[in-house]
Amino acid sequence: MRGKTYLRVLSFLGVLSLMCGLGVSSDRPPVNIDQISVQAGVLNTKIVLESAAPLAILGSHYLEGTSPTLVVDLNKITTQDASNLRFSESSLVNNVQVDNAAEDSSRLIFDLKEQVPYRIYSDPKGTVIEFNQYQNGQKGYILEPALQAKIESQSMPSTYLMDIQVTGSSDRVDIVAELTDETLSHVFVLNDPLRLVVDLHNTLYTRQSTNYKVNRLGVEKVRAAQFQMDDPYTITRMVFDLKKPQLYSVEAQDNQLIVSFFDKQEGMVTPNGDDEEAPQPAPVPEERPTPTAEKASGIELSAPPVANLKPAKVEFPIINVNTAQDPEQEEEVTQFAPLTIAEQDTKFRGEALTLRFSDADLQDVVFYLAEFAGLNVTFDPGVTGIVSLNLVEVPWDQALDLILKQNKMGKVIEGNVLRIAPMTVLTREREEMRRLEDSKELSGALKIRTFWLSYSRAPDVQALLTSKISTRGEIIIDNRTNTLTITDVEDRMAILESMIEVFDTPTPQVSIEARIVEATSTFIRNLGVQWGFRGIQDPYYGNQTSLKFPNKALVDGAMIPQGIVTKGIAGPLGGYAINLPAPAFSTAMGISFANVLDTFRLDMALTALETSGSGKIISAPKITTQNNQEANIVQGRQIPVQTVANFTVTTRYVNAALELRATPQITAEGTIIMYIEIQNNAADFANLVNGIPPITTQSAQTTVMVPDGGTTVIGGIYRTEDSITREKVPLLHKIPVLGNLFKSFARTKQNRELLIFITPRIIK
């Protein structure tokens, strides 16, 4: 807000300099209004003042004590004859008069059919004075054709209303709607009572409906709610309760929608060329239809006094809103508010006084208090006592109670007579009176009433009423029709009826939606090598050694399998001396070298594998239940498990399913406390045990408090597995470069992530 105030200061200084140089100085030439035209639309009537230069508006106000007449004061204006204006029956304006009596100013006088809210703003055609026609909810939702075309071209909701702030100064109040993006606004007026409605199309309001008290400049309060969802438009509605029709503006800038209301302006004095200080023009707002609209030439505006704007105190009551209804029909939730059936607390309402007594006679003090309260007083025998006290600004009835308690006395007030008696006497009298009442009750006439319960079960209500039934009373329930038939005396019947009205109320329902997001990613890379060789020198091949002994030699560097399949791939030699293949592979390449007589052979094989993958599983169980009632939903399969005991085979079924159990409790503040148990179990058929798959379990159990419509994460598990396996030939794997021929490498990396979200909504 500090940055916005700074921008307003700069705007104010710039406009002020313009006004001093061109606008309100005595040497400024008059601006001529070339034409005045009337445009009667569906929702409003516009008076367009066409001129070659901007107009300086000094102020506007409704005349008091006359027919609906609006006066707009202009500085240094000349006009053409406006007698050729034509007014249709649909317009609000009966006539427009131009008063050029003053030397440096003119006055436009609008004769209206009724007083309505109005605004003054710039338009490419000139200056526009717009009057809003009263709308009526019976006609349905009305849109101007041009605005309807824009809305239909942007049908998807893309903007959110985040917050509303109330600011202002002595002569204006600003209601600022903070948005996430630009939006299209639709303004109209409702009467009985008077309300200005601003609809934000393709806009969502995720909060519960809110109510802001303003009580300034004719604006009582502003309310905001989600009015409509895709039927046929998505609309967030702001409703301003007004005490009277007045000047307002709607301005869109920097992802904000600012609705301003201005103080009544009257007694305008036009600036002159004298040395006396000329009054500043009254603030008149400039409206820009959308944040991206280019600024058109129009009114030459004076800025309001720059003040240190502070947010007004706002209240956020709990509102029970049906989003298909208008926010003006909102009512505060009273279902969970405490209800008083019988009040027994003592409240002191007497006039305050100051008392100072030392060892005063009790009867004298009581006489003084009775005279102060205007009561007659009488004392029973045995009323004696001494009073010493110092009380400052204490209600007289509270002082009397304190004095009597100190002396073990009591009081009875009948009409204007105050009776003082010992507590024992009054206690005995009350006991006798209670016995008398009991005897009257036992002998009094009985009433029989039948109550049809709509929302509660008759046995449950019967258990709650049992303690309030008299000795002669009786409650009969009929489960078939869910009714209570109560027989009791009249006094008890009234209390029972009040209790039934409290207990037999509709129980709100809660829709609970859970989202279980399970994401996995895997990466595997394996590299392996196999190689072997064989060399032979033998007379058979003609390459015997040059020695007599030995004259033949054999060097075999191949692993010879012994009736089993070796790992890796086989080669011409039947095996490999260095056999370090990849643990798992999808690619293999073999290389074999040999001479002509095959007396020397070298075989090599390379194996490799690299895989990566990712997956996501989203489970979204949703269930609706009543307040404080457990709900359960299951989706999946059951695995049969057989057990044998005493030669008897027993089959039981184990759930391998997605299961949600929830018990909601709605608080008086509109939040929801939930006991939640979620299980996401699955059968692992890849690892059967005696033909039965084990169960892979994911579960969460907790109690949380969540706002209505809010989302919270109730659990999450993040698991990372990263393993590296190397097989090596001792010592030889350390040889530089060639050491790679004596080792293999395998790496497996796996990530698992589990998040559980919960979103409760109160069904209204």
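Nothing fancy with the numbering, it's 1 onward along the sequence.
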Aromatic ring pairing Tyr248/Phe261, orientation class (parallel under 30°, perpendicular over 60°, tilted between):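 Tilted: the ring planes of Tyr248 and Phe261 meet at 30° to 60°.
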
Locate the shortest heavy-atom distance separating [X] from [Y]; write the atom from each residue and the value.
| X | Y | result |
| --- | --- | --- |
| Leu247 | Ile120 | CD1-N, 4.1 Å |
| Pro664 | Asn627 | O-OD1, 3.3 Å |
| Ser185 | Val198 | CB-CG1, 4.3 Å |
| Ile618 | Arg515 | CG2-NH1, 3.7 Å |
| Val222 | Met238 | CG2-CE, 4.5 Å |
| Ala225 | Tyr205 | CA-CD2, 3.9 Å |

Worked verdict on Val38 versus Val96 for side chain to side chain contact (heavy atoms under 4.5 Å, CB included): CA-CA 10 Å; Val38 180; Val96 177; 5.6 Å; no

In the structure I gave you, are the side-chain heavy atoms of [X] and [Y] within less than 4.5 Å of one another anywhere?
| X | Y | result |
| --- | --- | --- |
| Thr624 | Val510 | no |
| Glu50 | Ser37 | yes |
| Asp708 | Arg761 | yes |
| Phe131 | Phe110 | yes |
| Thr703 | Ile676 | no |
| Leu200 | Thr159 | no |
| Phe262 | Ser249 | yes |
| Ile57 | Leu74 | yes |

Rounded to the nearest 0.5 Å, how far apart are [atom1] of [X] and [atom2] of [Y]?
| X | Y | atom1 | atom2 | value |
| --- | --- | --- | --- | --- |
| Asn628 | Ile666 | CG | CD1 | 8.0 Å |
| His201 | Arg237 | NE2 | CZ | 8.5 Å |
| Ile129 | Lys46 | CD1 | NZ | 13.0 Å |
| Thr183 | Asn255 | OG1 | CG | 10.5 Å |
| Ile164 | Met162 | CD1 | CE | 12.0 Å |
| Thr625 | Met674 | OG1 | CE | 12.0 Å |

Partner of Thr45 under side chain to side chain donor-acceptor pair (under 3.5 Å), chosen from Gln133, Gln39, Glu130, Lys113: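 Answer after filtering Gln133, Gln39, Glu130, Lys113: Gln133.
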
Cationic N near anionic O, under 4.0 Å, Arg195 to Asp241: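 Salt bridge flag = no for Asp241 with Arg195.
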
Without swapping roles, check the side chain of [X] against the backbone of [Y] for a donor-acceptor pair under 3.5 Å.
| X | Y | result |
| --- | --- | --- |
| Glu114 | Tyr134 | no |
| Thr236 | Thr203 | yes |
| Asn95 | Asp111 | no |
| Gln226 | Ile235 | yes |

Worked check of side chain to side chain contact (heavy atoms under 4.5 Å, CB included) between Thr69 and Leu112: CA-CA 6 Å; Thr69 303; Leu112 307 176; over 6 Å; no

side-chain hydrogen bond (donor to acceptor under 3.5 Å, both in side chains) assessment of Asn202 paired with Thr234: CA-CA 5 Å; Asn202 299 328; Thr234 299; 5.4 Å; no

Atom NZ of Lys622 with >12 non-hydrogen neighbours under 6.0 angstrom: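 Incorrect, the count does not exceed 12.
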
